[in-house]
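Shown next, in structure tokens, is the structure this report addresses.
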Amino acid sequence: MNRNIKKTALILGIAGQDGSFLARFLLSKNYSVFGTTRKKISLDQPNLRSLNIQKKVNLLSVELINYESVLELILKTSPDEIYCLAAQSSVSHSFQKPRATLESIIISTINVLEAVKKSNKEIKVYFAGSSECFGDTGIEPATENTPLNPCSPYGIAKSSAHLLTKNYKENYNIFACTGFLFNHESSLRPENFVTQKIIRSCVRISKGSQEKLELGNLSIIRDWGWAPEYVEAMWLMLQRPYPEDFIIATGQSNSLQSFVETSFNYFGLHWRDHILINKEFFRETDILVSRANPEKARKVLDWQPKKKIEDVIRGMIEHRMD
Ligand code: NDP
């Protein structure tokens, strides 16, 4: 990046896990950072505060499902890059709130693409796709060419918004691309996600709590990485000469049982003594196996995650202990 020209980034969903890490990363690259939240901007933003950047970013309260608001936002902030991260981001929640999930992902994305098309086609757009777009991969890891096969309202919304992103790239020559990110965690992961639930319970049990942690299917297999490393990949995708989609993952998948086991092992505890399996948490459409091949990102973006599952767990536990 030319240090004399200060770039401007607009992060939709800046107060979430990825938005906060991305904001910190872009500030370190000397960007001017704008970001949206649905909440009042006078409210405390715990993630931004915990990274010590709440006062360094320009927060805007915007309803992204309203096209006029999105257009006004883009005209007002004149960004070089837009990162579309705002979403109802929980797969399990998407079964209870399918309409809100689809709206938050598909409508906000089409609003951004349409506003970019109308206002300034030089703006680069990143869309936060997901491993959920591929559904159950079986033993063959997903690549950028794997057919979409979502099996939740969340996955369907992400797949649709990805196709819209591709369509605007191809039809209107907009620099728009999708990052298919596989699961990535950190201490900023919301409490309702299973990894955060495990870490928090595990830490409490290590301090003497007698609670039992209720979980669903421990055989599900996922690829877990470290969120701060993944946001750099988002940025790298927008620094390319032309837009391309990428799988972002560690390339190593593990069972939820092994996540639980490693977490309890950290404290010298045996997971079986503290876990209850609750059949009500099982979903018929649960993806059993999710595997990724991030080779293209390694070759083209020169991006490779350093942290594997053990480091992710250690990082989350150590932060919680603090
Ligand atoms: P978070 O849930 O931490 O953050 C998403 C943000 O979106 C929230 O902080 C919230 O901001 C906003 N939001 C929530 N619900 C809605 C809604 N109904 N309408 C509009 N905005 C909403 O997610 P992450 O930071 O972990 O993920 C960032 C993006 O990447 C998301 O789109 C997610 O689906 C996707 N993704 C994440 C993966 C992961 O493992 N973390 C994996 C693959 C994809 P506020 O309340 O301030 O408005």
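First listed ligand is number 1; within each ligand, the first listed atom is number 1. One is the number of the first residue; the rest follow in order along the sequence.
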**Asked** What class does the angle between the rings of Phe180 and His162 fall in, given that below 30° is parallel, 30 to 60° is tilted and above 60° is perpendicular?
**Response**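 Ring orientation of Phe180 relative to His162: perpendicular.
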Give the atom numbers and elements of ligand 1 that come within less than 4.0 Å of a heavy atom of [X].
X: Pro190; value: 3 (O)
X: Arg189; value: 26 (O), 39 (C), 40 (O), 41 (N)
X: Ala15; value: 9 (O), 47 (O)
X: Tyr154; value: 33 (C), 34 (O), 35 (C), 36 (N), 44 (C)
X: Lys39; value: 45 (P), 46 (O), 47 (O)

So for [X], does at least one of its heavy atoms come nearer than 4.0 angstrom to any atom of ligand 1?
X: Glu103; value: no
X: Gly129; value: yes
X: Leu181; value: yes
X: Gln45; value: no
X: Phe193; value: no

With nothing but distance in play, are any N or O atoms of [X] less than 3.5 Å from an N or O of ligand 1?
X: Ala87; result: yes
X: Ser89; result: yes
X: Asn183; result: no
X: Gly16; result: yes
X: Thr37; result: yes
X: Lys158; result: yes
X: Asp18; result: yes
X: Leu85; result: yes

**Message:** Within the 3.5 Å criterion, strictly below it, is a donor on Ser94 or Gln88 matched to an acceptor on the partner's side chain?
**Reply:**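 No donor-acceptor contact under 3.5 Å links the two side chains.
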**Prompt:** Sub-3.5 Å donor-acceptor pair from the side chain of Ser201 to the main-chain atoms of Ile198, do we have one?
**Reply:**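 No.
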**Message:** Could you check whether any side-chain N or O of Asp245 sits under 3.5 Å from a backbone N or O of Thr178, counting only pairs where one atom can act as donor and the other as acceptor?
**Reply:**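 Yes; at least one donor-acceptor contact below 3.5 Å.
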Specify the protein heavy atom at minimum distance from [atom]: its residue, its atom name, and the distance to 0.1 Å.
atom: atom 30 (O) of ligand 1; value: Ala128 CB, 3.6 Å
atom: atom 19 (N) of ligand 1; value: Ser104 CB, 3.2 Å
atom: atom 3 (O) of ligand 1; value: Gln17 N, 2.9 Å
atom: atom 37 (C) of ligand 1; value: His184 CE1, 3.8 Å
atom: atom 10 (C) of ligand 1; value: Arg38 NH2, 3.8 Å

**Prompt:** Any chance the rings of Trp303 and Tyr230 have centres within less than 6.0 Å?
**Reply:**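 Distance test on ring centres: under 6.0 Å, yes.
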**Message:** If you count heavy atoms of other groups shown closer than 6.0 angstrom to CD of Glu72, is the number above 12?
**Reply:**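 No, the 6.0 Å shell around CD holds no more than 12 heavy atoms from other groups.
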Could you tell me whether [X] sits above the aromatic face of [Y], with NZ or CZ closer than 6.0 angstrom to the six-membered ring centre and within 45 degrees of the axis?
X: Lys279; Y: Phe282; value: yes
X: Lys7; Y: Tyr31; value: no
X: Arg189; Y: Phe193; value: yes
X: Arg283; Y: Phe281; value: no

**Message:** side chain to side chain donor-acceptor pair (under 3.5 Å) for Glu63 and Ser69? Distances and angles first, verdict last.
**Reply:** CA-CA 7 Å; Glu63 208 47 82; Ser69 307; over 6 Å; no
**Message:** Would a single hydrophobic cluster contain both Phe95 and Leu102, if residues Ile, Leu, Val, Met, Phe, Trp and Tyr are joined by side-chain heavy-atom contacts under 4.5 Å?
**Reply:**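 Different clusters: Leu102 never reaches Phe95 through Ile, Leu, Val, Met, Phe, Trp or Tyr contacts under 4.5 Å.
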**Message:** What I want to find out is whether Arg314 reaches Asp311 closely enough, with some N-O distance under 4.0 Å, to be called a salt bridge.
**Reply:**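 Between Asp311 and Arg314 there is a salt bridge, with a charged N closer than 4.0 Å to a carboxylate O.
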**Message:** Val33 and side-chain contact (heavy atoms from CB on, under 4.5 Å): which single residue from Thr77, Ile53, Leu10, Ile11 fits?
**Reply:**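 So the option named by the test is Ile11.
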